[in-house]
Amino acid sequence: MTKDICIVGLGYIGLPTAALLANQGYQVLGIDVSEEVVSTVNNGDIHIVEPELDAYVAKAVQEKNLVAGLTPKPADVFIIAVPTPFHDGHVPNIDYVETASRAIAPVLKPGNMVILESTSPVGTTERVADVLAEEGVDTSSLFIAHCPERVLPGHIMRELTENDRIVGGITSEAGEKVADFYRSFVTGDVLVTDARTAEMAKLTENSFRDVNIAFANELSILCDKFKIDVWELIRLANRHPRVNILQPGTGVGGHCIAVDPWFIVHEGGKDARLIRAAREINDYKTAWVVERIIDTVKAFHDEHGRAPSVACMGLAFKPDIDDLRESPALSVFQSLVLEDIDALAVEPNLKRHKSIVLNDYHDVADTADIVVYLVSHNEFKGLKVRGKVLDFCGVTVVAK
């Protein structure tokens, strides 16, 4: 019976997965390159914000089912949950995956499962097998598979068990073996396919969402040009029984939707036209937001004869989380700073930031000349402000 699990990467997916499995009775070793992260986890604390995660980690560490370290040790199951960003030009970067594969190679033994959970370009799971082979591992004795995470930040602990999972094996036997492991703690369906299909499935899911968000974001730009309330327009259009337009925002962020479609575009080239267009529209929306703010700043200066203070309400990539990865809101704030605009950063889900001074949202509501809603955090809803309001995410929209 599987007992010992080694998880490489204690980030937004790795740590919740480690804590969940440890609470299921598995002995879990969590590996991270950061000594600070390792120390934090071993103290029973967390370094990221996620509801319920703190209780899971504290209990797992207290019961000695979860230990963090810097170096992998022998186990029955190895889960790779490291970042997969991209290089300049949106070229996929799987360096962390390859490094993690080399790190576990010396401690692998026949019969081990090696599972790649990191969202990856098509062919990455096969590359994991190749790297292990290069390190002298007999990969024919292992069960290697891809099982992409499909969770929503803010609901991770629940969705890790409730959501359906896709397992793609390098071989059919590997797929079935790894699927049985996930069925030990997942209450949703566990579906088995090949590794390439599993990789493409995750990329497809996020590309589908990106395309739909791009439609809403393009509508918002057009409605601004036509002097139409986009929120009212979408509310009315969505009364059609077969129409469900999403809500526009500042752009698209996070490590998934803002990144994964580029993996398809890179490999698909000219045949990935719609997916590429959606990515470009959503990136442009962020630049468009910056332009709108700058225009408002200039108009304020012309009217009042002085430069305004601008409150940037929200830095996270989506509401009610602390995650700044690929955040369009953060990009807007940084762009305003580069324009020498008096931009005040507000992010209620962060206590501190290593390079940005964070302001209390109550304070800026009373003092800022221009209040720019970039993320629809719950704290901002119904907030009374003194200055001019620019709402790019629907915080001020009243439901009808």
Side-chain angles (χ1 to χ4, degrees), residues 7-15 17 30-34 37 47-48 70 72 78-105 114-135 144-151 153 166 168 170 195-207 209-210 251-272 275-276 278-280 282-283 286 316-318 323-328 330-331 334 354:
I7 297 181
V8 184
L10 292 176
Y12 285 90
I13 298 302
L15 182 57
T17 302
I31 302 300
D32 203 274
V33 296
S34 169
V37 168
H47 60 287
I48 56 179
L70 297 169
F78 292 83
I79 298 175
I80 297 174
V82 296
T84 48
F86 43 65
H87 298 292
D88 291 342
H90 303 118
V91 176
N93 178 355
I94 61 169
D95 292 350
Y96 296 118
V97 172
E98 293 188 358
T99 298
S101 301
R102 291 192 171 90
I104 66 174
V114 177
I115 306 165
L116 175 64
E117 282 213 0
S118 306
T119 303
S120 304
V122 173
T124 304
T125 311
E126 294 165 19
R127 179 57 188 153
V128 169
D130 290 343
V131 169
L132 294 178
E134 291 168 5
E135 296 296 313
I144 304 173
H146 180 55
C147 184
E149 53 83 11
R150 309 168 95 187
V151 293
I166 299 174
I170 290 290
R196 286 185 166 237
T197 302
E199 290 162 344
M200 188 62 174
K202 178 60 185 292
L203 303 182
T204 298
E205 293 162 7
N206 285 329
S207 296
R209 295 169 67 196
D210 199 40
V252 173
H255 181 62
C256 291
I257 303 180
V259 175
D260 298 353
W262 287 118
F263 292 171
I264 295 178
V265 172
H266 180 260
E267 295 298 326
K270 64 181 179 61
D271 294 320
I275 296 173
R276 177 189 290 275
R279 274 285 73 237
E280 291 172 346
N282 286 330
D283 283 349
T286 304
F317 81 80
K318 64 177 293 181
D323 196 341
L324 306 187
R325 290 178 296 175
E326 306 296 329
S327 171
L330 177 61
S331 177
Q334 293 170 332
K354 61 182 179 181

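Residues H87 and D95 meet the side-chain proximity criterion, which asks for heavy atoms closer than 4.5 Å. Residues H90 and F263 are not in side-chain contact: their nearest non-hydrogen atoms beyond the backbone lie 4.5 Å or more apart. Side-chain atoms of V259 and E326, non-hydrogen and from C-beta on, do get closer than 4.5 Å to each other. The closest side-chain heavy-atom distance from C256 to E205 is not below 4.5 Å. The shortest distance between side-chain heavy atoms of L15 and H47 falls below 4.5 Å.
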query: Between I257 and K318, is a side chain to side chain contact (heavy atoms under 4.5 Å, CB included) present by the stated rule, with each step listed?
result: CA-CA 11 Å; I257 303 180; K318 64 177 293 181; over 6 Å; no
message: Could you walk me through whether E149 and K202 satisfy the side chain to side chain contact (heavy atoms under 4.5 Å, CB included) test, starting with their C-alpha distance in whole Å, then the side-chain angles of each, then the deciding distance to 0.1 Å, before giving a yes or no?
response: CA-CA 8 Å; E149 53 83 11; K202 178 60 185 292; 3.1 Å; yes
task: Applying side chain to side chain contact (heavy atoms under 4.5 Å, CB included), run through R325 and Y12 and close with a yes or a no.
output: CA-CA 11 Å; R325 290 178 296 175; Y12 285 90; 3.5 Å; yes
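Between the side chain of S118 and the backbone N or O of V82, at least one donor-acceptor pair lies under 3.5 Å. The backbone N or O of A258 sits nowhere less than 3.5 Å from a side-chain atom of N282 that would complete a donor-acceptor pair. D32 places a side-chain N or O within donor-acceptor distance of the main-chain N or O of L10, the cut-off being under 3.5 Å. Of the possible donor and acceptor atoms, one in the side chain of T84 sits under 3.5 Å from a partner among the backbone N and O of T119. Panel note: side chain H146, backbone A195; no donor-acceptor pair is recorded below 3.5 Å.
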Throw together a table of side-chain donor-acceptor distances under 3.5 angstrom for residues 121-129, partners on residues two or more places apart or in other chains.
residue, atom, partner, partner atom, Å
T124, OG1, P121, O, 2.6
T125, OG1, E199, OE2, 2.5
E126, OE1, R196, NH2, 3.4
E126, OE2, R196, NE, 2.8
R127, NE, E98, OE2, 3.0
R127, NH1, E134, OE2, 2.9

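Nearest heavy-atom pair across A105 and L132 is CB-CD2, 4.0 Å. Across D260 and N206, no two heavy atoms sit closer than the pair OD2-ND2, 2.6 Å. Taking each heavy atom of P148 and A198 in turn, the nearest pair found is CG-O, 3.9 Å. Of all heavy-atom pairs spanning I13 and T17, the tightest one is O-OG1, 2.8 Å. Nearest heavy-atom pair, C147 versus I115, reported as atom, atom and distance to 0.1 Å: CB-CG2, 4.0 Å. Closest of all the heavy-atom pairs between G11 and I48 is O-CD1, 3.7 Å.
Atom CZ of R150 has more than 12 heavy atoms from other residues, nucleotides or ligands within 6.0 Å. Within a 6.0 Å sphere centred on OH of Y96, heavy atoms belonging to other residues, nucleotides or ligands number 12 at most.
With values rounded to the nearest 0.5 angstrom, S120 atom OG is found 7.5 Å from I94 atom CD1. Taken from CG in L330 to CG in L324, the straight-line distance is 5.5 Å, to the nearest 0.5 Å. With values rounded to the nearest 0.5 angstrom, L116 atom CG is found 7.5 Å from S101 atom OG. Rounding to the nearest 0.5 angstrom, the gap separating the CD1 atom in I80 from the CD1 atom in I31 is 12.0 Å.
The only option from I79, I104, I170 that meets the side chain to side chain contact (heavy atoms under 4.5 Å, CB included) definition with V114 turns out to be I104.
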